[in-house]
Amino acid sequence: MVRLRSRLSRSQNALGKGLLSLLSREHLDEDTWEEIEDILLTADVGVQPTQELVERLRERVKVLGTRTPDELRALLREELLTLVVPEFDRTVNTESPLDTPGIVMVVGVNGTGKTTTTGKLARVLVADGKNVLLGAADTFRAAAADQLQTWGERVGARTVRGPEGGDPASIAFDAVKEGAEIGADVVLIDTAGRLHTKTGLMDELGKVKRVVEKHAPLDEVLLVLDATTGQNGLVQARVFAEVVDITGIVLTKLDGTAKGGIVVAVQRELGVPVKLVGLGEGADDLAPFEPEVFVDALIG
Ligand code: GDP
């Protein structure tokens, strides 16, 4: 995952560098600890995790006494890694326990990168030898089905789509049904996400989920969040988690932000792991989320 590292390090390692330089000060007074807190909060780590981290750092730095740069780096690495919860299972589950295609539903607010992520994920699965079928159930955004179909053609996956403004649940159902008929390995369903009508979204997503589950269990529900939207992303996460059981998070646009701390905050919020990260607009710019690589990129 050299790419994850290099992509992240360009925008992110200001965070780790800033923390390391503050921790290296000879006298760590209250002001310094506050500056450390500010850095973490600015990176969207969230209030509670920030306080916990600072408390633990204070304690450990005190015990350590004099600090060499290597010791500080190791300590910071360990503490940041704890926050990122390395023990989460981050496998994207595309296998059905039954003799049916694995079903992955991709949800999130429009503009976060849902369709792009669905396309990129299809590419990864096809490259892995899987027969992938795409379901274009985002019938709200006019160009979404075209966009998904273009991705499908690019990566070698068929797209099931319906009329613009059609019923997302029936398209999702058709996709799952066709997936079973043609013996697809995985069906990826792209959905709509307009948050300004929360009730509409709830009803619609809930219906898509129910209709799909009549046919086969959902193996993975990925919530796509735009890392650049900061705390707003957390509000979105809460809303979606009320409607569907999110099993994994995809954090997109991490290439364009220094706010990687949202990884910590959103995992806490939902209690589910970040499984994938989006690192650009290109077909190859989707990577598994690897805690160690991520933290190393932060520290630089
Ligand atoms: P949707 O409305 O949620 O389906 O969003 P789209 O998939 O259409 O993506 C919205 C915009 O974000 C497009 O211009 C994408 O190219 C861009 N985008 C998606 N993922 C990433 C990413 O990881 N990094 C960057 N820089 N741009 C992304």
Side-chain angles (χ1 to χ4, degrees), residues 1 3-12 44 92 104-124 134-155 157 159-162 164-166 168 171-172 175 188-198 200-201 204-205 208 221-230 232-233 235-237 239-240 243-244 246 248-260 262-263 266 274-290 293-294 297:
M1 270 301 114
R3 208 158 42 81
L4 173 60
R5 180 168 210 164
S6 66
R7 282 291 170 86
L8 287 174
S9 58
R10 252 189 273 145
S11 56
Q12 310 253 355
D44 275 335
V92 178
V104 180
M105 187 158 114
V106 184
V107 305
V109 171
N110 284 338
T112 51
K114 245 177 315 104
T115 306
T116 308
T117 298
T118 309
K120 289 174 181 173
L121 184 57
R123 179 180 161 101
V124 172
L134 300 172
D138 180 355
T139 57
F140 181 73
R141 187 161 66 83
D146 288 343
Q147 195 186 333
L148 192 66
Q149 191 165 358
T150 304
W151 270 103
E153 283 159 9
R154 222 162 127 190
V155 308
T159 303
V160 173
R161 55 185 295 180
E164 199 181 308
I171 295 164
L188 299 181
I189 302 170
D190 187 20
T191 62
R194 51 196 187 284
L195 258 193
H196 55 276
T197 53
K198 188 175 153 189
L201 171 82
E204 183 180 297
L205 261 192
V208 172
V221 180
L222 294 174
L223 172 67
V224 178
L225 289 179
D226 176 341
T228 64
T229 58
N232 232 338
V235 178
Q236 295 170 15
V239 174
F240 279 93
V243 196
V244 278
I246 311 289
I249 301 153
V250 183
L251 215 49
T252 57
K253 310 186 193 180
L254 261 186
D255 50 307
T257 176
K259 292 182 176 285
I262 195 75
V263 169
V266 72
V274 172
K275 293 190 168 177
L276 299 166
V277 289
L279 298 167
E281 298 184 80
D284 289 330
D285 295 330
L286 185 72
F289 178 71
E290 294 171 298
V293 179
F294 180 72

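Just so we're clear, the structure is a prediction, and the values are computed from it rather than from any experiment. Counting begins at 1 with the first residue of the sequence. Just follow the structure's listing: the first ligand is 1, and inside any ligand the first atom is 1.
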(request) Please name all residues satisfying side-chain hydrogen bond (donor to acceptor under 3.5 Å, both in side chains) with Thr228, sequence neighbours left out, ordered by chain then number. (result)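 Thr228 satisfies side-chain hydrogen bond (donor to acceptor under 3.5 Å, both in side chains) with Asp226 once adjacent residues are dropped.
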
Provide the number and element of each atom of ligand 1 under 4.0 Å from a heavy atom of [X].
X: Gly278; value: 23 (O)
X: Glu281; value: 14 (O), 15 (C), 16 (O), 17 (C), 25 (C), 27 (N), 28 (C)
X: Thr116; value: 6 (P), 7 (O), 9 (O), 15 (C), 19 (C)
X: Thr115; value: 1 (P), 4 (O), 7 (O)
X: Leu279; value: 23 (O)

Quick one: nearest non-hydrogen protein atom to [atom], plus distance?
atom: atom 21 (C) of ligand 1; result: Gly280 O, 3.6 Å
atom: atom 3 (O) of ligand 1; result: Lys114 N, 2.8 Å
atom: atom 5 (O) of ligand 1; result: Gly113 N, 3.2 Å
atom: atom 8 (O) of ligand 1; result: Gln147 NE2, 3.0 Å

(request) Say whether Lys253, considering both its backbone and side-chain N or O atoms, lies within less than 3.5 Å of an N or O atom on ligand 1. (result) yes

(request) Examine Asp190 against ligand 1 and note whether any of their N/O atoms are separated by less than 3.5 Å. (result)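 No, there is no polar N/O contact under 3.5 Å.
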
For [X], is the nearest heavy atom under 4.0 Å from an atom of ligand 1?
X: Gly111; value: yes
X: Ala144; value: no
X: Asp255; value: yes
X: Val109; value: yes

Heavy-atom pair of closest approach, residues [X] and [Y]:
X: Gly280; Y: Asp255; answer: N-OD1, 3.4 Å
X: Ala227; Y: Leu251; answer: CB-CG, 4.0 Å
X: Gly233; Y: Leu225; answer: O-CD2, 3.5 Å

(message) Distance check, rounded to the nearest 0.5 Å: Leu121 atom CG versus Asp190 atom CG?
(response) 11.0 Å

(request) To the nearest 0.5 Å, tell me how far Ile171 CD1 sits from Thr159 OG1. (result)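 Here the rounded value is 11.5 Å.
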
(message) Test your reading of the model: is there a side-chain donor-acceptor pair from Thr252 to the backbone of Thr112, 3.5 Å cut-off?
(response) yes

(request) Keeping the roles fixed (side chain from Lys114, backbone from Val106), state whether a donor-acceptor pair exists under 3.5 Å. (result) no

(request) Using the side-chain contact (heavy atoms from CB on, under 4.5 Å) rule, pick out the option among Asp138, Leu222, Val224, Ile246 that qualifies with Val107. (result) Ile246

(message) For a 4.5 angstrom cut-off between non-hydrogen side-chain atoms, does Val274 reach Phe294?
(response)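 A side-chain contact under 4.5 Å is absent here.
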
